[in-house]
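Each chain gets a letter, A, B and so on, in the order its sequence line appears, and its residues count up from 1.
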Protein chains: 2
Amino acid sequence: MKTFEAKRTRGLAEALPRRVAGDASPCGACSIRHLSICAALAPDELSEMDAIATAVDLAPGDPLFDEAEPAEHLFNVTAGTIKVYKLLADGRRQVTGFLSAGDFLGLAHETTYAYSAEAVTPASLCRFPRRKLENLLQRYPKLESRLLGMAGHELAAAQEQMVLLGRKTAKEKIGSFLLALERQAAGRGQPAGPVSVPMSRADIGDYLGLTTETVSRTFTQLKSSGVIRLLQGGRVELLDRDALARLAEGQ
Amino acid sequence: MKTFEAKRTRGLAEALPRRVAGDASPCGACSIRHLSICAALAPDELSEMDAIATAVDLAPGDPLFDEAEPAEHLFNVTAGTIKVYKLLADGRRQVTGFLSAGDFLGLAHETTYAYSAEAVTPASLCRFPRRKLENLLQRYPKLESRLLGMAGHELAAAQEQMVLLGRKTAKEKIGSFLLALERQAAGRGQPAGPVSVPMSRADIGDYLGLTTETVSRTFTQLKSSGVIRLLQGGRVELLDRDALARLAEGQ
DNA sequence: CGGGAAGTTGAAGAGCGTCAAAAGTAGTGG
DNA sequence: CCACTACTTTTGACGCTCTTCAACTTCCCG
């Protein structure tokens, strides 16, 4: 069984927090606001968010928080990719999601985080003290409503992922994964073209319930059969979307 | 690959709806209110729920709704067990959850259901027209807040299930499953003692990402090693909780 | 009681994991 | 600019867990 060892180059404390409020009208100028929880607020209400937000920047591999740590902050991804994962006692790892611009992190019903979060690429986030954000949620029901909507989306995605983990073959898993990455990129308004796959084979494996080796072999297979093309810089071109879609749906 | 064929004894139309409001003060008398979304409302506000709720009773095997059907209703389980599942094109099935008293069903962000739901045991639910409940949510933010809390719980459970599906062995899966069933029963205030396992081996397999045969074999193994005892009526006695806990955590 | 579904058990096989090594890639410093 | 190192990815050989296919047993419910 494969095990996972954390190797941290630098801790949360060094994560370069800077007040969002330091800028002129940071939330007002936020280019991904329409994707995030903040879309629920009117422009003149955004100052309330400004007032409690702190910007955080992470380098690849930087931890954001660890499972079982007191959940004192909630986060909003503004740039880059964050991976979220849980560990078993012996080190086996399950990545439960890759988050990017607009995604919300830290919705914990407990007082501690239910999972660990770590940067995959250089990433930026808005950090909110839990208590202050909860206060804001009470005063602006439409914020809470927006959050409920996002939670619904996440739940649907989680169920889709359960189908993948429980019932799909390696080939089907990789196919679904690539299509999902492309869909997400499109949803964030990124131009069509090769899909950016910034995470390592190990991360992909831990997300899909496979080993690094199987992920690699499956990519090679899909490449050999002309369904995808592997470009450099972790980019993948989807040559035969129909074949991938058939794989993803189990036909 | 195993396939799944729906065999329906009776459809939704025959599902015996009766107005909750037919009773004197149905919601006020609801014995599982503290578990459900309704716990968010004060006693005098409950009549608002009464006004839009319809009771539904299902026999084992009865469908509640199907994936891709228009999501016109939301539900609250009041008794029995409901299974929720998704199908792949070729019939492979993933059960994403077993729901019981207090659980909420139908939180869809789309206009269609994202999964199918079907009774495992005789079951009762409260049915709410989607639009009317959404109206209520707007007027009572604390209802929405409660729903957000429940969604948070569900998300945490979904992530736990991803760890199980992606990274646990058959033995670990069954161990985790039995402990989770016991924990849920305790959380609903049911007396300690043998765990009730009302679902079939096939349902358990589709929930844990295993085949019927593997589920059966694993139960037999755990029985032989003295960790559990199989009683009649689908009840299981947990003889060695420590061993099960060690299995569940991957040690 | 009898018939059908659900559950159990057995034997054989496949898909993916494990272990190992080679090839590719990136970062570092002389 | 290139060598040196360390890590990631790929490829290969082999083994094991779980699936598949099949037969048998048990449990219900009419």
*Under the 6.0 Å and 45° cation-pi test, does R93(B) pair with Y207(B)?*
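No, cation not above the ring by the 6.0 Å, 45° rule.
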*Where each residue is assigned the nucleotide of DNA chain C containing its nearest heavy atom, which of E213(B) and G209(A) is assigned the position nearer the 5′ end?*
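Its nearest nucleotide lies further toward 5', so the answer is E213(B).
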_side-chain contact (heavy atoms from CB on, under 4.5 Å) partner of V84(B), chosen from D103(B), L99(B), V95(B), L64(B)_ =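 So, applying the side-chain contact (heavy atoms from CB on, under 4.5 Å) to V84(B) and each of D103(B), L99(B), V95(B), L64(B), only L99(B) qualifies.
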So if I take every side-chain heavy atom of [X] and compare against [options], which nucleotide ends up nearest?
| X | options | value |
| --- | --- | --- |
| T214(B) | dT9(D), dT8(C), dC18(D) | dC18(D) |
| T211(B) | dT9(C), dT19(D), dT9(D) | dT19(D) |
| T220(B) | dG12(D), dT8(C), dT20(D) | dT8(C) |

*What nucleic acid atoms does S216(A) come within less than 4.0 Å of, heavy atoms only: base, sugar-phosphate, or nothing?*
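The residue S216(A) makes base contact.
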[X] has an atom [atom1]; how far is it from atom [atom2] of [N], in whole Å?
| X | N | atom1 | atom2 | answer |
| --- | --- | --- | --- | --- |
| L208(B) | dT17(D) | CG | P | 19 Å |
| Q232(A) | dA23(C) | CD | P | 21 Å |
| K223(A) | dG24(C) | NZ | P | 11 Å |
| L222(B) | dT9(C) | CG | C1' | 16 Å |
| I174(A) | dT9(D) | CD1 | P | 12 Å |
| K171(B) | dC18(D) | NZ | P | 10 Å |
| K168(B) | dC18(D) | NZ | C1' | 18 Å |
| Q221(A) | dT11(D) | CD | P | 11 Å |

*Check: R217(B) side chain, dG10(C) base, donor-acceptor under 3.5 Å*: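 Such a pair exists between side chain and base.
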*Side-chain donor or acceptor of Q94(A) paired with backbone N/O of D206(A) under 3.5 Å*: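 Yes; at least one donor-acceptor contact below 3.5 Å.
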*Got a second to check how far T218(A)'s OG1 is from K223(A)'s NZ, nearest 0.5 Å?*
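Answer for the OG1-NZ pair, T218(A) versus K223(A), is 12.5 Å.
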*Under 4.0 Å between a side-chain N or O of R201(B) and OP1 or OP2 of dT8(C)?*
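Indeed, a polar side-chain atom of R201(B) lies that close.
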*Side chains of E118(A) and Y85(A): closer than 4.5 Å at any heavy-atom pair?*
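The answer is yes; the side chains approach within 4.5 Å.
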